[in-house]
Amino acid sequence: MPLRFYNTLTQELEEFHPLDGKTARIYTCGPTVYNFAHIGNFRAFTFEDILRRWLRYRGWGLKHAMNVTDVDDKIIANAAKQGKTIEEYTANYTKAFFEDAASLRLETPEYVVKATAHIPAMVSAIEELAAKGCTYSSEGSTYFQIAAFPGYGKLSHNDFSGIRSGARVDVDEYEKGDARDFVLWKAHKENEPYWDSPFGKGRPGWHIECSAMAMQYLGETLDIHAGGVDLIFPHHENEIAQSESITAKPFSRFWLHSEHLHIESQKMSKSLGNFYTLRDLLDMGHSPEAIRYLLASVPYRKKLNFTFEGLKAAAKSIERLRDFEARVSGTKLPAGRVEEAAERSREAIRQFEEGMDDDLNTAEALAAVFEYVRAMNTALDEGRFEEENRWDAARVLEVFDCVFDVLKPSGAESVRQGAESGEAAALTEAEIEAYVDERAQAKKARNFARADEIRGMLLDKGIVLEDTKERVRWKRK
RNA sequence: GGCGCGGUAGCCAAGUGGUAAGGCAGAGGUCUGCAAAACCUUUAUUCGGCGGUUCGAUCCCGCCCCGCGCCUCCA
């Protein structure tokens, strides 16, 4: 089965190929840098990361642009409150965002584009719209007139034909001609940053930045445009109206939207006290891999119930895979290759691919990996797994990890957490090995008191020993 | 009201017109000096409720109940 995505525009599962047959051109709505990004934001960004990785796995090139909205009402208000310029204010949160993204192992898009660095492109987009008669101005602001775009509503599947034009509705402190019209250029107000333009001093509306930048970097028709479900209307609808009014071509062939997440079955909100930024969770001692795993393990179109029990389960699931990886690489095996085990690895990869191809069904893909792991653990127990099968297992885990990317322990974070939570990071590998050897000697001499003492001491330092038939393995807890 | 999504074991969560993947937790076992860790086995006669279509429905249709999202802040 080919790679298929659910397209919000057509409400159908559609086979995906890039328009040019080689490179997928993707635009995703990035952060508005007025605060630290929360775990809900990262659900969407993790989905987009999985999307990137799977497209690449399927052999397509990637040209992915993501905007950083660094001028908007909240930014202006917050910056003013702190007595900072918007540049100073947003620089902090932009930096924080990419630090967070890195700890979740989110790949950086090929183009990260800041709104404030693309004002001229937005101005010329608005000029083109004006030239086509799609705009009007009111009290110094310029608006897009949705009556000028017949397809308005096709993405959100809303019928706006009944909207009365001419009704004046006061919204967002600006006057519009029609309830659904939206602002392209906001009139300058006292003490606010502004740019000069042919239609007066002011600043861009939110929607135009995405249209202008997407087309500048990726061309008139994108392959994929993605974001959270809440952006379907009005943001993405408005992007379509702007872009297609300019080009008369489809703005994006595929529209993919990720569902929101809930915290402990409740909507995340500050008043409920269940509002978590990524940094909050890391400070609580949760590993970035566990968070990434949890965010990625629920298929993106399904609401994700983010719970602390689920976070623990995610951490345990990763541990199971790492244990398997360690077992395979650390076990002495006879030369040869058991065909049954080899066949199971091919089957696992096939099922993994099938799941991912089916609109990024990560739950199904994960099941393929775990079924394989269980089968191979049994095969190892029963001696039906030989030297060459190591490579089969490595391949399965490699395929899994090029999408999920959770097998390698995080470096800086885990060291930092270890240092905070105790002395776990204090022992070097050589020291641990020395203790393990000493304990083995003590056991041989049937000095169990000393052996247990060492075991307990290591456990206190977060080192867990595994006595197996062949040898003693250890791992950091 | 309009548009849309969902209700599957203690929790998270796949799935198919022919009788329920996977993970976590729980229980049992293997291993072990004891333990831990690891590994294995096991856990839904049943898929919100009631009807209908069908030889057969969790999966199709209708109605109902419950939860959620969007309908000019928002991943």
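So that the names make sense, note that chain A is the first sequence line, chain B the second, and so on, each numbered from 1. The analysis underlying the following values was restricted to heavy atoms, covering all of them including side chains, and did not include hydrogens, waters or symmetry mates.
- Note: CZ (R344(A)) to C1' (A21(B)) measures 13 Å, nearest angstrom.
- Between N238(A) and Y152(A), the side chains place a donor N or O and an acceptor N or O closer than 3.5 Å (distance only, hydrogens not considered).
- Comparing the C1' positions of U19(B) and A35(B) gives a spacing of 45 Å, expressed to the nearest Å.
- Ring pair F97(A)/F42(A) is parallel by interplanar angle, where below 30° counts as parallel and above 60° as perpendicular.
- In this structure, F45(A) places its CZ atom 6 Å from C1' of A75(B), rounding to the nearest Å.
- Within the 4.0 Å cut-off from OP1 or OP2 of C71(B), not a single side-chain nitrogen or oxygen of N158(A) is found.
- Judged by ring centres under 5.5 Å apart and planes tilted less than 30 degrees, F370(A) fails to stack against the six-membered base ring of G23(B).
- Between C39(B) and R320(A), a contact under 4.0 Å exists linking OP1 or OP2 to a side-chain N or O.
- For the strand RNA chain B, secondary-structure stems (runs of at least three Watson-Crick or G-U pairs, all distances below 3.5 Å) span B:1-7 with B:65-71, B:10-12 with B:22-24, B:26-30 with B:38-42, B:48-52 with B:60-64.
- Contacts of A442(A) classified as side chain to side chain contact (heavy atoms under 4.5 Å, CB included), with partners at least two apart in sequence or in another chain: N447(A), R450(A), A451(A).
- A close approach under 4.0 Å does occur between a side-chain nitrogen or oxygen of N305(A) and OP1 or OP2 of C12(B).
- The separation between H262(A) atom NE2 and A75(B) atom C1' is 13 Å, rounded to whole Å.
- One finds a side-chain N or O of K302(A) lying less than 4.0 angstrom from the OP1 or OP2 phosphate oxygen of A14(B).
- Listed pair R473(A) / A38(B) fails the phosphate criterion, with no side-chain N or O lying under 4.0 Å from OP1 or OP2.
- Heavy-atom nearest nucleotides on RNA chain B were determined for S317(A) and for V298(A), and the one closer to the 5' end corresponds to V298(A).
- If you measure from atom OH of Y372(A) to atom P of C39(B), you get 15 Å, rounded to the nearest angstrom.
- Aromatic stacking is not marked for H260(A) over G69(B), as the cut-offs of 5.5 Å for the centres and 30° for the planes do not both hold.
- Rounded to whole angstrom, the span from the CG atom of L465(A) across to the P atom of C34(B) amounts to 17 Å.
- For F233(A), whose side chain is taken as the heavy atoms from C-beta onward, the closest listed nucleotide among C12(B), C70(B), C3(B) is C70(B).
- Distance K154(A) NZ to C71(B) P: 21 Å, rounded to the nearest Å.
- One can place CZ of R301(A) at 18 Å from P of C70(B), the figure rounded to the nearest angstrom.
- Between G7(B) and K303(A), no contact under 4.0 Å exists linking OP1 or OP2 to a side-chain N or O.
- In this structure, F385(A) atom CZ and A38(B) atom P are separated by 19 Å, rounded to whole Å.
- Side-chain atoms of D100(A) and S103(A) form no donor-acceptor pair, as typed in the model, at a separation below 3.5 Å.
- Across all strands, E309(A) comes closer than 4.0 Å to base atoms (heavy-atom distances).
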